[in-house]
Every structure is written in C-alpha cells, then in structure tokens.
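The model shown is predicted, which means the values in this text are computed figures rather than measured ones.
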Amino acid sequence: MAISRIAVGTPGEASHPDAIRAAFAEFFSMLIFVFAGEGSGMAFSKLTNNGSATPSGLVAASLSHAFALFVAVSVGANISGGHVNPAVTFGAFLGGNITLLRAILYWIAQLLGSVVACLLLKFATGGLETAAFSLSSGVSIWNALVFEIVMTFGLVYTVYATAVDPKKGNVGIVAPIAIGLIVGANILAGGAFDGASMNPAVSFGPAVVSWSWNHHWVYWAGPFIGAAIAALVYDNMFIGDGAHEPLPHNDF
C-alpha cells in the first residue's frame with residue numbers, strides 16, 4: 001500500500017542544498033504560472049472595463065493557464081519535479097515519492113511564489129485588483145467542493161500516469177503538455193462555476209493580496225482530497241509494491 005511508503009525525512013533534509021534548490025525552483029515556477037494565469041484574467045477585466053465574463057474570456061483563461069503550466073512544469077522538472085501545486089506535492093507524498101519535510105519546503109515556496117506573483121501584478125498594472133477565487137451565482141460550497149475534487153483527481157492522475165509511474169517510458173516526454181492540457185480542459189469545464197482552481201497556491205496568492213477569504217477552504221479541501229484519491233488509486237492499482245521505485249530527489 002502507498003501509505004506504508006510515507007516518509008517524514010531526516011532533520012537535515014530541509015537544509016540540504018538539493019532541497020533548497022528544489023524549493024527555489026518551485027517558487028519561480030509558481031511565480032511564472034500565477035503571473036501569466038492571474039494576469040490574463042486581469043487583462044480581460046481591463047479590456048472589458050470590468051465587464052461580465054464571456055465564453056471567449058473562459059477560453060482565454062483556459063489557454064493561458066494551459067500554456068503557462070506547460071512552461072512552469074517544464075522549467076522545474078529537472079530540479080524539483082515541477083509540481084507547481086501543493087496538491088500535486090501532497091499526492092507525491094502519499095505515494096512515497098517525496099518526504100514530508102521536503103513537501104513542507106515545496107508548500108512554503110509555492111505559496112510564496114503565488115503571493116509574490118500577485119504583488120508584482122498589482123504593482124505592474126497600477127493597482128488593479130487580483131481577484132480571489134469565488135463561487136458563481138447558484139453554486140453552493142458543496143457543488144464547488146465536488147468540482148475541485150474531481151478536477152484535481154484528473155490532474156494528479158495525469159501527473160502519476162505521465163510523470164511518476166516508473167513504467168511511463170516515452171510518455172514522460174509529453175508529461176508537461178499533458179498536465180497543462182488537463183488543467184486547461186478542466187477550466188473549460190469548471191471555470192464558470194467556481195473558477196476551477198485545482199491548486200491551493202493559485203487560490204492563496206490572490207486571496208492574500210485582495211484579502212478576500214470567502215469559501216477559501218473549498219480551494220484547499222477539494223484539491224487535497226482529489227489529489228489523495230488519485231495518488232492512492234493510481235499507486236495501488238497500477239504501480240503497486242512490486243513495481244514501485246522511489247524516484248531520485250530531483251524527480252517527483
């Protein structure tokens with residue numbers, strides 16, 4: 001079982017040069033991703049004078065997040081594994097592919113990267129609002145929770161299939177593209193309902209800078225639950241104890 005492979009890590013791991021470099025890689029990847037993704041939404045608001053959301057705006061958000069995540073995962077893959085998402089890190093931890101101490105380093109770096117990206121956006125745009133994620137009219141917190149669970153399940157399942165599975169073979173080459181595409185597709189499905197976060201750090205940065213925390217817990221609980229289900233299902237059903245190979249520190 002994957003649970004049996006969970007590891008806390010050694011006390012010195014947090015200060016190991018490789019771990020520090022990996023954390024910085026997560027910080028910069030998250031900054032790149034949030035700046036482009038959140039920035040595209042702010043650009044849409046400026047072009048429409050804060051007009052209502054439109055189908056074209058949803059498509060633009062989907063494309064910008066897909067492209068930005070493809071790049072963010074790619075540039076961090078050789079150093080940190082390119083998680084760019086606390087939920088992905090949590091899923092990797094549950095599968096025994098990263099220690100708890102290293103995961104905590106990643107989480108801190110990811111959250112800081114998102115906050116810094118939003119602060120830079122606010123400054124660069126002359127003080128425009130970095131809008132926090134919120135529920136659309138008629139969408140309950142339970143509707144949104146299910147959306148976040150299912151969408152993040154799809155994301156982390158994709159990560160496991162294309163980047164974590166030791167049997168992935170040549171599929172690993174397209175992992176960043178596949179990860180970016182599933183996020184873009186999920187935004188098309190859930191963006192009109194709850195913003196389609198799938199990523200607690202992506203929700204955290206705008207919430208801090210705008211200081212808006214309505215229903216914020218949904219954007220943590222949903223992704224972490226979805227990531228946990230995906231990691232446990234894929235690891236136990238398709239990798240298994242016999243096929244599992246702990247990945248080196250510069251991978252997931």
Margin query: Tell me if the aromatic rings of H65 and F33 count as close, with their centers under 6.0 Å from one another.
Written below: yes

Item checked: Parallel, tilted or perpendicular, as decided by the 30° and 60° cut-offs, for the rings of F24 and F28 -> parallel

Check: If you link I, L, V, M, F, W and Y whenever their side-chain heavy atoms are under 4.5 Å apart, who else ends up in the same group as V150?
Finding: V146

Check: Does the T54 side chain pair with the main chain of G57, one donor and one acceptor, at a distance under 3.5 Å?
Finding: yes

Item checked: Heavy-atom check, side chain of F224 versus side chain of P86, under 4.5 Å -> yes

Notebook entry, point to check: Which pairs count as ring pair (Phe, Tyr, Trp, His ring centres under 6.0 Å) when at least one residue sits in residues 166-194, sequence neighbours excluded?
Noted result: F147-F193

Note to self: Using modelled atom types and a 3.5 Å cut-off, is there a donor and acceptor pairing between side-chain atoms of S203 and backbone atoms of F133?
What the structure shows: no

Check: Any donor and acceptor pair, going by atom type alone, linking the side chain of N186 with main-chain N or O of A196 inside 3.5 Å?
Finding: no

Next item on the list: Could you tell me whether the side chain of D235 and the main chain of A231 form a donor-acceptor pair under 3.5 Å?
Entry: no

Check: Hey, what's the ring geometry for H83 with Y106, parallel, tilted or perpendicular (30° and 60° as the breaks)?
Finding: perpendicular

Next item on the list: For Y160 and G91, indicate whether the former's side chain and the latter's backbone hold a donor-acceptor pair under 3.5 Å.
Entry: yes

Next item on the list: Please work out whether the ring planes of W217 and W142 are parallel, tilted or perpendicular, with thresholds of 30° and 60°.
Entry: perpendicular

Margin query: Can a donor-acceptor pair be found, under 3.5 Å and without considering hydrogens, that links the side chain of N199 to the backbone of V84?
Written below: yes

Margin query: Checking the side chain of Y219 only, and the main-chain atoms of V202 only, is there a donor and an acceptor separated by less than 3.5 Å?
Written below: no

Next item on the list: Identify the heavy atoms of L188 and S62 that sit nearest to each other, and give their distance.
Entry: CG-OG, 3.5 Å

Next item on the list: Please confirm whether the backbone N or O of S197 pairs with a side-chain atom of E148, one donor and one acceptor, at under 3.5 Å?
Entry: yes

Next item on the list: Look at the aromatic rings of Y157 and F238 and report parallel, tilted or perpendicular, splitting at 30° and 60°.
Entry: perpendicular

